[in-house]
Each structure stands twice: as structure tokens, then as C-alpha cells.
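Worksheet for the structure shown next.
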Amino acid sequence: MAVIGIDLGTTNSLAAIWRDGKVCLIPDESGNYIIPSIVAVDAEGNILTGYAAREEELLAPQRCASNFKRFMGTKKCYDLAGKKFLPEELSALVLKRIKEAAENFLGEEITEAVISVPAYFNNDQRYATKLAAELAGIVCDRIINEPSAAALTVQEEEIFRKTAEEAAEQCLLVFDFGGGTLDVSVVDCFENIVEITAIAGDNHLGGTDFDEAIAAAFCAENNLDWKAFSEKEKTALKFESKLCKEALSVQDKVKMLYPQEGKNLSMDLTVEKLFALAPGLFRRMKNLVLQAVSDAGLQLTDITQVLLVGGSSRMPAVQIFLSRLFGREICVGGDPDFLVAQGIGLYAAIKERKEEVRDILMTDVCPFSLGVRVQGDLEDGKGKMCMMIERNNILPCRVTKHFVTASEFQEEIRIGVYQGESYYPEQNLKIGELYFPVPKAPAGKEGVFVSFTYNINGILEVFVASDSTGEKKTVTLVSGLRQLSPEKLSEKREWLLAQQHLLQEEEERKAILLMGERLFSQTSGTRREYVDQIIQYYNYAWKSKSPVRIRKAGKRVLQELIALDMCLRSKFDGEEFREEFGEEEEGI
Ligand code: AMP
């Protein structure tokens, strides 16, 4: 059975597989490679995913969830029209959608996948990703970091398309800037070895932060009170901000318009203005680049190529910012939306030990330091970090240290596990705590060996063994709630399956009609006529009740609507959307 690679993105998701000696992206039934990572519950209680959910979000944001990848591993509860979901359950619904599309495309059942995650995902977030896969009926025993996947795509060129003499040693900086996360990695590539040497990242820095900064600037410039906005108004203004931000990729200046109380309020947006309205976001980006390069023991001038990955790296402001930082032109190669998916497809083949890729070696590193809290020398009771695994250690790795009791006749040893670089544990992220019994004895007389094993999926296992009693304990550190028993897991999976899901063609119909209606209201003149024709053409096919006709029309129409939508987003002025669809007779 084939193993597929899945790029489960904050905004969009994609899947890929190795076929006929190369990576092939997997399209859904309508021919789209990109599936929006959005889940909605419609007015009839049906669960929608992908394009249909994206349309529903514009109409009724309170019934929809997006960007939930940002909250993977947390207990954030999403209430969608009375149905409650955790982030991993929403991700499971997106994964299920991808699995179905892949099964349709490949004509075989898919039960295993390699999934990419931001390098900076912590234990809980990685565990939640594996859990999401299991809930979707997919075994995922390999998680890889998104920048590593992107680097693999670039290096594939060197490995397959060049001879050993031609292949140059490369030192890549992967700038992976998505909707909600930024990962900066330094990757050493030589022949068939791809070695990640340093990673720095921020799980809460992405394109949506720019949308929010633009929306805030719009409010400030037009004397609007953001706090007084309803959820629907906030979503609409953020959506308009996102469209204008994206339009800046193809235009020097964009006029942002937003109607309020009968007036059409506006703000001009340029790249320079973006620099001015979000200086903090650029500062955070700069610090991450400098940290990754210095952790790799390099200087900015040692980087031979900057690889842009993720939708937000399309922003000219980001490209200008990087070229100023590196003091040279940043070349944009490959489609940033596809680089990760292609790499993960390649990795799925490596995992399957496919002949052509069997010799490729890829090593990854631990993105943050991991340690335990020990009693400090100071009397402030704060304790201090005893680092077990330093950031940027090559994975997998194992470190063992010995600890002794700190108080007289202590009955147990508490092992608080933290992730982060601060001296004080409290300023780092606590990722778990375990208690281990020890015989009562004077301080310092009893002790334990603690081993940290950080596996290739970036999940930490802690092993504790007593000096004197022979007692041992091994724990995978994830917050209690998430460590589900097999029974609880299958109960959850059944609950998800039991929710009302639309049939694929019904979901597609919903996406087409909602998108059609929206585009009709957003356009005018010949474009509006064109949208009208498309909808009529599709409705006509639907009325025929011929499954083949419906399928063909659905595929064609959805692709056309998505293409038109993209042109409108980039405020494109072309007129080529015309005369493709024959007019149908209409009754009045
Ligand atoms: P990703 O998570 O990689 O799918 O990236 C999604 C983010 O990329 C969203 O915040 C989008 O607004 C942003 N994005 C996509 N295309 C563009 C573009 N052409 N210009 C600016 N931002 C973009």
C-alpha cells in the first residue's frame, strides 16, 4: 500500500506521492492540488471542508474554524453550530478529506502517511498531529519538519539532475513563512546528504499577523473602534486586509476599501507603508534569521541560497527585507506553495525505500533546548534549568544525567521538564512533569538517572531509573488529556465519522454555488455575465442527473471559479474569462 506525504498547512493542505521516478502532487476530485485547511458546519448541520468551508466562512464565520493548526496540542475548543471540536479533530477532518481525494486519485486505500509540521512544533503539537492522523484513519509514524522537506525538494535537483562533479555544496537558508508560523533553517546539502544544521522559529508569527496589523492600521486611519466590531465585521475587514496584502505582490500600491455606515472608507497600502505599520514583525523575523545563522556557526555571507517557502514569503516586503538583510538579491525559485509538499512526497518514497531514493540521507535537529528544573543556588526558590539536550543537536539523540535529592528525607523526586533557552524554568515552556518515588534518606544520598530521548519525529521520551530500588519509568511527555487510550481513540474516531458529512459531489456543489454567488456579487459587466453563465452551465449539468456529466462540469466549473477568484484577489484586469461556456436557455 502506498505511503503519501501530506503538508498539513495552517491555511492550505496538499498531498504528494512518488510515481514513476518523480514526485507527483495529488489533485482532489476537482483537479485542485490545494485544499483550504478550513472546517465548517453548515446551516443543516453538515460538516464541510476545503473550498465549501472557505465560502461558508465568509458567510457565517461563527460556524467555521480556520488557522486551527496554530492551536494544535492545546485544549482550545471550537464550537461550530453547537458541535464541539478540538484542534486535532478539525485537522483530522482535513486529513480525512485529503485521504479520500488521494484514494480517489490513486485508486487504492491509503492507510499511511508522512506528515510535515513546522520545525518549531513542540511535543504536544507533534503528538496532536499524529493523533489527528489516527483519527482520520491514517498511521503516521514519521513526522518531518517543513523546512527539511523544502530543502529536500531543492536538493533533489542536485541529486537527480546533476552528476557528482556538477553538484555543488550548498548552504541553504530556508525561510518558511506561512499563515501562522515562521521557521528559519540552515541546511547543508552535499550530494545525497541533506543536513539541517540549525533551526529557529516562531509559532505565532505569520501572514495573519500582517492581516491584523493592516486591519488595525485601517481602523486607526479611519477612526474606527476595532473592539466595537462584530465577529462578522472583524472577519470581513481582516479578509479585505488579506486580499490587499496579497494584491501588493502584483501591484505597487493598493487602495483598501471598506464600507461602513454608508461611507466607503479607504486606506492606501504600499510596501513601504507595510514596513512602517508592522516594524515589530520585521524585527522578529530578523532576530530569527540571525539566530539560525549564528547557531549554525556561520555568517550571513556563508549562505549560498535563500529558499522562500510558504504563502507569506510571496510578500514583496518580505523579499525586500531579506535582500536588505543579506545585502543581495533573493532569487525566488519554485512555487513556495508546493515546495514542502514535494519534499514530503519525496520523503514518503525514502521511507518506503524506493530504489531511486534509497541512498538519500537526511538529518534533522532539535529546534529548542530541553532540560529539567533543578534547585538553584539562589534562595529565591525559582530553581534553574539543567539543560539535557541543547538546541540544534542532531536527531535522534539521547542524554542521561544523574540527579540527587535536595531535601532531607524526601519521598519523591519531581522531574519538571521544560523547553526553551532561559536560565529560569518559569520563563520557558513547561512540557510535563513526572513524580518518581525514592526511599527516605538524608539529602543527596538517594538519586535517579534521567534519560531524555528525542526521537526522529521530535517527540521526547523521558526514562527515569532509581539508584537503589531498581524501579524504572518511561513516559512520553505530552499533556495528560492527549494521551488517549486505544478505546478512547476509537470512540473519538467513531464520533467524528458519525457526524453528518456531505457526499463529495454535494460538497463540491455547495462550494460551486457559494463561490459563484460571491463572485457574482463581487464582479460587474462581462465578468458578472461570465459567472452567471458558469453557474447556469453547472446547474444544467446537475439537473441532467447524469453522474458523469455532473462530475465533468463540477471539475471544470470549480477550477474556473477558483482561477477567477485568484485573479480578483490579485486585482487582475484581464478579460480572458469569456465565451468558454455555451449559454443555456433560460425560462423567466
Ligand atoms: P501557507 O500557510 O503557506 O499556505 O501561507 C498562507 C499565508 O500566505 C496567508 O497568510 C496568505 O495571506 C499568504 N499569502 C498567500 N499568497 C500570498 C501573496 N501572493 N502575497 C502575500 N501573501 C500571500
Side-chain angles (χ1 to χ4, degrees), residues 6-15 25 32-38 50-51 54 57-58 66-72 91 94 98 115-121 145-147 149-150 153 174-184 201-215 235 237-254 256 269-271 273-275 278 281-282 285 307-322 332 334-344 562-563 565-572:
I6 301 178
D7 167 12
L8 182 62
T10 309
T11 326
N12 296 309
S13 295
L14 294 95
L25 291 174
N32 304 302
Y33 295 119
I34 290 176
I35 294 183
S37 307
I38 303 181
Y51 288 98
R54 196 179 75 176
E57 190 181 34
L58 295 173
S66 53
N67 286 324
F68 38 84
K69 181 175 165 184
R70 279 184 158 195
F71 298 96
M72 284 291 268
S91 295
V94 175
I98 292 172
I115 301 180
S116 58
V117 296
Y120 234 66
F121 253 24
N145 292 331
E146 287 163 7
T153 305
V174 184
F175 191 88
D176 183 356
F177 198 22
T181 51
L182 171 62
D183 280 330
V184 181
D202 190 332
N203 265 345
H204 293 276
L205 177 57
T208 43
D209 294 292
F210 278 96
D211 305 341
E212 280 164 21
I214 296 169
T235 308
L237 186 58
K238 278 198 269 180
F239 189 66
E240 190 53 32
S241 305
K242 178 174 177 292
L243 295 187
C244 291
K245 172 193 75 178
E246 291 173 5
L248 266 192
S249 312
V250 284
Q251 284 168 225
D252 294 338
K253 189 173 173 185
V254 178
M256 178 168 165
L269 193 63
T270 60
V271 168
K273 181 149 185 180
L274 209 53
F275 280 124
L281 300 181
F282 289 99
M285 282 184 219
L307 184 60
L308 298 176
V309 183
S312 299
S313 66
R314 286 212 167 90
M315 290 169 69
V318 169
Q319 295 168 12
I320 293 170
F321 153 79
L322 286 171
V332 186
D335 188 328
D337 285 338
F338 296 158
L339 284 176
V340 171
Q342 284 167 328
I344 192 101
I562 291 172
D565 190 29
M566 273 163 54
C567 286
L568 289 182
R569 281 159 192 261
S570 57
K571 315 221 165 184
F572 173 78

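From a predicted model like this one, the values you see are computed outputs, not experimental measurements. Count residues from 1 along the sequence. Start at 1 and go down the list; that is how both ligands and their atoms are numbered.
At the top of the distance list for atom 6 (C) of ligand 1, counting protein heavy atoms only, stands T11 OG1, 3.0 Å. Atom 21 (C) of ligand 1 has M315 CG, 3.3 Å as its closest protein atom, hydrogens excluded (heavy atom only).
Among the atoms of D337, none of the N or O lies under 3.5 angstrom from an N or O of ligand 1. For G179, a nitrogen or oxygen atom sits less than 3.5 Å from a nitrogen or oxygen atom of ligand 1, counting backbone and side chain alike.
Considering only residues two or more places apart in sequence or on other chains, F282 meets the ring pair (Phe, Tyr, Trp, His ring centres under 6.0 Å) condition with F210, F275, F321.
From K245, atom NZ reaches atom CG of D211 across 3.5 Å, with rounding to the nearest 0.5 Å.
Every atom of ligand 1 is numbered from 1 in the order shown, and the set under 4.0 Å from a heavy atom of K245 is 10 (O), 11 (C), 12 (O), 13 (C), 22 (N). Within ligand 1, the atoms closer than 4.0 Å to a non-hydrogen atom of G207 are 10 (O), numbered from 1 in the order shown. Listed by number with element, the atoms of ligand 1 under 4.0 angstrom from any heavy atom of G310 are 3 (O).
Between D209 and R70 there is a salt bridge, with a side-chain nitrogen of the basic residue lying less than 4.0 Å from a carboxylate oxygen of the acidic one.
The two residues L308 and Q319 have their closest heavy-atom pair at CD1-CG, 3.7 Å. Closest approach of Y120 to D183, counting heavy atoms only: N-OD1, 3.4 Å. In terms of heavy-atom proximity, S37 sits nearest to V94 at CA-CG2, 4.1 Å.
For G9, the closest heavy-atom approach to ligand 1 does not fall below 4.0 Å.
Of the listed residues (L274, V271, L248, I320), just one forms a side chain to side chain contact (heavy atoms under 4.5 Å, CB included) with M315, and that residue is L274.
Selection from G311, S249, S241 by nearest heavy atom to atom 16 (N) of ligand 1 gives G311.
At a 4.0 Å heavy-atom cut-off, ligand 1 touches E246 through backbone and side chain alike.
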